[in-house]
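Here's the structure we're looking at; comments come further down.
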Amino acid sequence: MNLKTAFAPHIRRTDSARSVMIDVLIPLIMLLVVPLMYNGARVFVLTGVSVLSAMIFEALFCIFSHRPITLTDLSAIVTGFIVALLLPVSAPLWLPVIACAFAILIVKMPFGGLGRSPFNPAAAGIAFVTICFPNEVFRYRDTKLISDLDLFASPTFQGAMSPAAMLHSNTRPDIYPTEMALGNYPGPMGTTAILVILACAIYLLMRRTIPWQIPICFIGVAALYAFLFPRIPGNRFDSVVFEMLSGSLVFAAVFMATDPSTSPKSNIGRALYGVLGGLVCMLLRTFGAYEQGACFAILIINSVAPEIDLIVLKLRKMTGGVPNDRYAR
Amino acid sequence: MILLNNRGISPEIKRDKAFLRTIERHKPRETALVPLFTAGSHELIPTMPIGGTVTRFSPMAISPSGAHAMIAPVSGVLIGMEVKDHPLLGPVNCAHVSVNYKLPEAELIPHDRMYLNGDDIIRIARGAGIVDEYDKIPLYRKLTAYRNNHVGLLAGDAIDDIPYVSSGVKAMAEYGTDIAAGLEMCMTAVGAERGIIYIYDLGGREMRRIKNRYGIIRVEDVGGNYPVWPALEKKLESDTGFGRIGVQALYALYCAVTYGVPQTESIVTVSGDAVTNPGNYLVTCGTTVADLLNHTGASPDTSYIIFDSVMNGSLCTDIQTPLFPGIRAVTVLKKRKTPSRSRCIGCGRCVSSCPVDVQPYYAVHAAEKGNLELARTFNTLSCIECGVCSAVCPAGREMAKCIKMINEGILPIQPYDWRDDE
């Protein structure tokens with residue numbers, strides 16, 4: 001017998017950093033199905049360009065900063081996917097490249113890469129291109145058009161108004177909510193099919209890859225806000241339905257707010273973070289300059305995430321929830 | 001059943017073959033290696049010269065002051081002394097005894113329970129050398145402390161919430177009545193009004209049989225994630241204080257009072273993927289790990305032998321290490337399943353799964369930057385060393401070890417940051 005030594009515990013969960021990323025990638029790939037049905041193979045081209053550019057930028061940064069290349073943790077692929085899914089399918093192919101360059105080279109890698117960046121790289125990349133190229137980011141194609149998009153060239157077409165833009169100008173979208181739930185309306189590529197996103201959320205929750213507190217509180221508070229302060233005239237419940245179904249709110253709540261490295265770590269902190277996220281997102285939608293506020297909301301709440309954990313710990317110590325040094329030996 | 005919705009991790013292996021088999025007695029075959037220690041003293045001197053006869057149940061070593069004595073667990077001939085570095089006891093003097101079961105044993109003096117008061121019971125617990133198997137504290141010290149603190153509820157502890165371990169529940173299955181009587185004696189000693197035995201629900205038909213009521217003692221089963229105790233403590237705290245005593249210590253107290261037998265044996269779960277015949281064994285003090293594994297059968301490519309808990313127990317690196325009452329499980333593994341080590345990905349699982357609200361993520365990050373004062377503000381002094389934070393870490397980092405180092409005032413250095421990794 002060759003007896004070895006090691007630190008306890010001797011039984012551990014075997015999911016590694018990579019398997020966590022694979023768990024996120026599977027639903028992201030599923031999200032491509034609906035846009036593929038409506039728009040054809042350009043979906044693959046846009047996503048491929050985005051993912052490839054994210055990987056190349058990360059590899060280049062690692063090479064020039066003399067670090068081991070960290071592509072094996074698959075986080076760059078996730079960032080590339082989320083960037084592509086938040087852009088319209090008709091976006092020129094240089095748009096995801098610029099978004100990924102900002103996300104990887106400015107926001108993610110200089111801070112130390114996966115797990116160290118204080119902001120969600122994909123949200124930052126999208127926010128950057130939203131500010132710099134709003135015309136390209138918000139130029140949607142009507143899904144009723146039958147012709148497939150050209151695979152590589154920037155297509156020319158009459159831009160359609162998305163439900164989020166209609167809500168922003170306080171008009172009621174002329175689309176049935178059932179159509180919207182199936183993703184058949186102009187909007188960012190991966191964020192329109194709400195039913196698929198919800199199925200993905202259930203998968204991620206079952207796998208315990210994402211905590212339930214963040215998406216539930218995020219969406220719940222946003223819905224409450226939409227009920228209390230409707231932007232469109234008429235029924236308050238209509239306001240809730242249209243606000244939830246339009247734009248990237250649900251996508252951001254499920255895939256971006258739950259990014260583990262930029263969100264709070266304690267359970268109560270996560271709930272507070274979700275509440276804050278939903279509130280900021282709806283405020284940005286109502287009073288912001290752009291029709292979509294989810295990415296900016298994610299960046300704003302990212303900046304307070306560590307403080308939320310500290311405040312929660314202090315409050316629990318004050319109220320006696322934490323057995324303060326009781327077990328000290 | 002108390003189903004706790006607590007944090008921690010779910011124990012993956014709840015029922016295994018060890019739980020299904022009846023308790024088997026295992027005695028040392030030819031030689032025993034008896035660690036000379038008692039609850040009070042580690043520096044014991046043998047009462048007989050080398051070559052002298054050891055008589056079972058008679059003092060075989062005493063402390064220099066004469067206040068503490070070690071009771072011989074076997075009869076035989078003392079053939080030598082050796083200092084062993086024991087993973088649980090530290091360096092300890094051990095006596096090699098050539099076992100001879102034909103030699104006589106010392107006469108035992110039973111006590112009549114009716115005429116015993118609290119002081120008598122504590123004195124008997126001390127004389128019998130009874131150790132609590134869950135925290136390794138001598139029973140007499142625990143009883144004295146509980147009596148001084150006017151504890152109202154005594155909890156018998158048979159919570160085997162750790163994978164592979166079933167000795168506590170198994171002891172309840174076989175000696176339930178005796179353990180309940182032992183708890184009643186403890187209640188007399190402490191002056192407590194209520195006594196409950198908590199068992200961990202391992203499932204199956206046998207559990208229903210154990211969940212009996214023994215006179216004034218209730219048995220309650222508990223379900224939930226490992227570790228159960230922090231959440232259970234919160235439930236019990238509303239009472240007028242509570243004390244916690246392991247069921248094997250209770251059984252030993254019952255035997256010490258009723259038959260006058262000192263604690264020289266304990267039930268040990270031998271389990272793990274490298275064991276041929278996993279089961280619960282009644283093991284005599286002084287049996288070596290090699291002797292026990294000879295009996296149970298172990299794979300030649302065994303790599304890890306773990307005393308007590310696989311979550312926070314000690315590793316045994318010398319197969320000639322002796323067992324003593326207070327060890328409740330020996331887990332033998334071929335290999336450990338661990339995630340590949342990488343740098344922290346900031347997932348926060350260590351924080352959200354900690355049962356006592358330590359924030360290992362922030363504490364370890366602060367300590368890695370050299371700020372121990374800041375690290376301790378993240379509640380690290382509450383740590384109960386359950387090991388859950390390390391077990392859930394997808395990057396395979398030693399969070400539990402780091403928290404322990406922070407509490408000891410040592411700067412933890414994670415040797416697998418990105419510079420060294422890959």
Side-chain angles (χ1 to χ4, degrees), chain A residues 1-21 62 67-70 72-73 75 112-118 208-209 211 213 259-270 305-306 309-310 312-314 316-317 321-329, chain B residues 7 9 12-13 163 230 298 300-306 309-319 331 333 336-340 342-352 356-357 359 361-362 378-379 381-384 387-388 390-396 398 400-401 407 418 421-422:
Chain A
M1 271 182 213
N2 178 24
L3 296 179
K4 298 174 190 166
T5 56
F7 291 128
H10 307 290
I11 288 187
R12 301 182 187 218
R13 272 205 210 151
T14 47
D15 42 354
S16 61
R18 190 189 300 180
S19 67
V20 172
M21 286 298 161
C62 291
R67 290 189 200 181
I69 293 175
T70 50
T72 46
D73 63 20
S75 62
L114 175 63
R116 304 283 169 97
S117 160
R208 299 203 179 171
T209 308
Q213 291 93 343
D259 173 16
S261 58
T262 56
S263 57
K265 320 293 179 201
S266 61
N267 289 335
I268 299 173
R270 283 169 174 169
D309 267 343
L310 266 182
V312 167
L313 184 68
K314 272 182 190 161
R316 293 203 67 183
K317 271 187 179 170
V322 172
N324 207 353
D325 305 353
R326 253 204 54 211
Y327 300 88
R329 292 152 214 197
Chain B
R7 297 189 201 163
I9 56 169
E12 284 160 17
I13 308 156
D301 47 351
T302 295
S303 300
Y304 301 98
I305 297 175
I306 304 143
S309 148
V310 284
M311 298 303 291
N312 55 7
S314 314
L315 273 173
C316 159
T317 48
D318 180 5
I319 198 153
T331 311
L333 299 177
R336 309 186 329 152
K337 283 184 194 160
T338 49
S340 57
S342 62
R343 34 196 296 245
C344 176
I345 59 166
C347 67
R349 286 183 189 183
C350 48
V351 178
S352 57
V356 287
D357 289 303
Q359 302 203 328
Y361 169 80
Y362 295 108
F378 295 107
N379 216 16
L381 290 173
S382 296
C383 180
I384 54 167
V388 166
S390 297
V392 296
C393 182
E398 308 294 353
K401 176 80 184 162
N407 285 343
W418 59 267
D421 198 40
E422 289 171 297

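Since the structure is predicted, the reported quantities are computational estimates derived from the model, not experimental observations. Numbers restart at 1 for each chain; the letters A, B, ... are given by sequence-line order, proteins then strands.
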message: Could you walk me through whether A/R316 and B/N379 satisfy the side-chain contact (heavy atoms from CB on, under 4.5 Å) test, starting with their C-alpha distance in whole Å, then the side-chain angles of each, then the deciding distance to 0.1 Å, before giving a yes or no?
response: CA-CA 11 Å; A/R316 293 203 67 183; B/N379 216 16; over 6 Å; no

field: Stepwise side-chain contact (heavy atoms from CB on, under 4.5 Å) test for A/D15 and B/R349
entry: CA-CA 12 Å; A/D15 42 354; B/R349 286 183 189 183; 3.0 Å; yes

- line: So, the part of A/D309 with a heavy atom under 4.5 Å from chain B: the answer is both

query: Looking at A/N267, A/I268, A/D259, which makes the most heavy-atom pairs under 4.5 Å with chain B?
result: A/N267

- prompt: Given side chains that start at C-beta, do those of A/K317 and B/D357 come closer than 4.5 Å, heavy atoms only?
  reply: no

- request: Give a yes or no answer on whether the side chain of B/R343 reaches the backbone of A/G112 with a donor-acceptor pair at less than 3.5 Å.
  value: yes

- line: Rounded to the nearest 0.5 Å, the CG atom of B/L315 sits from the CG atom of A/L3 at a distance of 9.0 Å

message: Please classify the contact between A/R208 and chain B as side chain, backbone, both or neither, with a heavy-atom cut-off of under 4.5 Å.
response: backbone

query: Closest approach of B/I345 and A/A17, non-hydrogen atoms and distance?
result: CG2-CB, 3.8 Å

field: Portion of B/D318 that has a non-hydrogen atom of chain A nearer than 4.5 angstrom
entry: backbone

- request: Take B/F378 and A/L310 through the side-chain contact (heavy atoms from CB on, under 4.5 Å) test and state the conclusion after the steps.
  value: CA-CA 8 Å; B/F378 295 107; A/L310 266 182; 3.5 Å; yes

task: Please state whether the side chain, the backbone, both or neither of B/I306 comes within less than 4.5 Å of a heavy atom of chain A.
output: side chain

message: Run B/S340 and A/R18 through side-chain contact (heavy atoms from CB on, under 4.5 Å) and show every step you take.
response: CA-CA 9 Å; B/S340 57; A/R18 190 189 300 180; over 6 Å; no

message: For A/T14 versus B/K337, what's the shortest heavy-atom pair and its separation?
response: CG2-CB, 3.6 Å

